Structures are given as C-alpha cells and as structure tokens.
Novice: 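First the structure, then my questions, so here it is.
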Amino acid sequence: LRGHGSKDAAPMHDWEADPRSYDECLCDWRGRHGWTWQQVADELREPLATIQMHVKGRYPADTRQRRRLMTLVDAAA
C-alpha cells in the first residue's frame, strides 16, 4: 500500500506484517497520528477501556483484524 498524494510518498506501514506485539504497534500508531487514546478508540471502534487494556498488554491472541483496520485507516488518511 502507498500513501495518497505524490508518487514519491513514503510506503504505507503494514501493521499486519509488523512483527512487534500489538501493544507496541498500537502505541506507535497513536504516535504517528498524534492522537489521544480516545481518538484511537474511536478510529478502531472500541471502547476506551478496551484500548487501555490492550496498551497494557491485555489483548486477544489474534489481532489480525485490528491490525488490518489500522492499516486501512492509514490508507484512508
């Protein structure tokens, strides 16, 4: 995936392929966008309390759907 805009745009990050833990990716994703945790929760259609648990390392074993959504949100930005 590539970002919108000029053909020289940096490649879109593929969160599904990122080998880091989901909580690390979530923190990185938030930082790249400059969002609050509430904005992250809104983008992922999750309650804030759920996102807060995920950041503390308590998340489902299978995070593929959430990682794909992160990538799609980036592509739409």
Side-chain angles (χ1 to χ4, degrees):
L1 297 172
R2 293 189 61 83
H4 296 282
S6 80
K7 63 181 181 178
D8 296 326
M12 186 71 58
H13 187 80
D14 183 350
W15 295 105
E16 285 183 276
D18 194 313
R20 295 176 296 167
S21 66
Y22 180 61
D23 54 316
E24 289 178 273
C25 289
L26 202 55
C27 288
D28 186 3
W29 191 59
R30 175 186 177 240
R32 288 173 187 233
H33 288 281
W35 289 337
T36 65
W37 286 116
Q38 183 61 61
Q39 289 170 305
V40 169
D42 292 345
E43 289 293 331
L44 295 179
R45 309 305 194 258
E46 298 270 10
L48 178 58
T50 299
I51 295 299
Q52 290 170 329
M53 284 190 320
H54 291 176
V55 172
K56 293 177 183 174
R58 297 191 329 245
Y59 48 84
D62 186 353
T63 60
R64 290 178 297 174
Q65 293 172 338
R66 288 173 174 89
R67 288 172 180 263
R68 169 140 329 152
L69 181 54
M70 289 164 62
T71 302
L72 292 173
V73 167
D74 286 352

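Values in this document were obtained by computation on a predicted structure and should not be read as measured data.
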Novice: Give the minimum heavy-atom separation between E16 and D14, together with the two atoms involved.
Specialist: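 Smallest heavy-atom distance, with atoms named: N-OD1, 3.0 Å.
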Novice: Quick check: is V55 connected to M53 through a chain of hydrophobic side chains (ILVMFWY, heavy atoms under 4.5 Å apart)?
Specialist: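 No; tracing contacts between hydrophobic side chains, which count when under 4.5 Å, never links both residues.
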Novice: Keeping to residues at least two apart or across chains, list the side-chain hydrogen bond (donor to acceptor under 3.5 Å, both in side chains) pairs with something in residues 47-60.
Specialist: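 Counting only pairs at least two positions apart or across chains, the side-chain hydrogen bond (donor to acceptor under 3.5 Å, both in side chains) contacts touching residues 47-60 are D23-Y59.
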Novice: In terms of ring plane angle, is the pair H33 and W29 parallel, tilted or perpendicular, where the classes change at 30° and 60°?
Specialist: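 Ring orientation, 0 to 90° scale: perpendicular.
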Novice: If you compare all heavy atoms of P60 against all heavy atoms of R66, which two are closest, and at what distance to 0.1 Å?
Specialist: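 It is CG-NH1, 3.4 Å.
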Novice: Does Y22 form a side chain to side chain contact (heavy atoms under 4.5 Å, CB included) with R64? I'd like the steps, not just the answer.
Specialist: CA-CA 9 Å; Y22 180 61; R64 290 178 297 174; over 6 Å; no
Novice: Heavy atoms only: give me the nearest M70-C25 pair and the separation to one decimal.
Specialist: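 Distance-wise, the nearest heavy atoms are CE-O, 3.8 Å.
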Novice: Test D28 against R32 for side chain to side chain contact (heavy atoms under 4.5 Å, CB included), laying out the working first.
Specialist: CA-CA 6 Å; D28 186 3; R32 288 173 187 233; 3.0 Å; yes
Novice: Could you tabulate the donor-acceptor pairs under 3.5 Å formed by side-chain atoms of residues 38-45, not counting sequence neighbours?
Specialist:
from: Q38; atom 1: NE2; to: D42; atom 2: OD1; distance (Å): 2.8
from: Q39; atom 1: OE1; to: T36; atom 2: N; distance (Å): 2.7
from: Q39; atom 1: OE1; to: T36; atom 2: OG1; distance (Å): 3.3
from: R45; atom 1: NH1; to: D42; atom 2: O; distance (Å): 2.9
from: R45; atom 1: NH1; to: E43; atom 2: O; distance (Å): 3.2

Novice: Above 12 or not: heavy atoms from other molecules or residues under 6.0 Å from CD of Q65?
Specialist: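 No - once you tally the heavy atoms of other residues, nucleotides and ligands closer than 6.0 Å, there are 12 at most.
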Novice: Mind listing the closest non-hydrogen atom pair of L26 and I51 along with its distance?
Specialist: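 Scanning both residues, the minimum pair turns out to be CD2-CG2, 4.2 Å.
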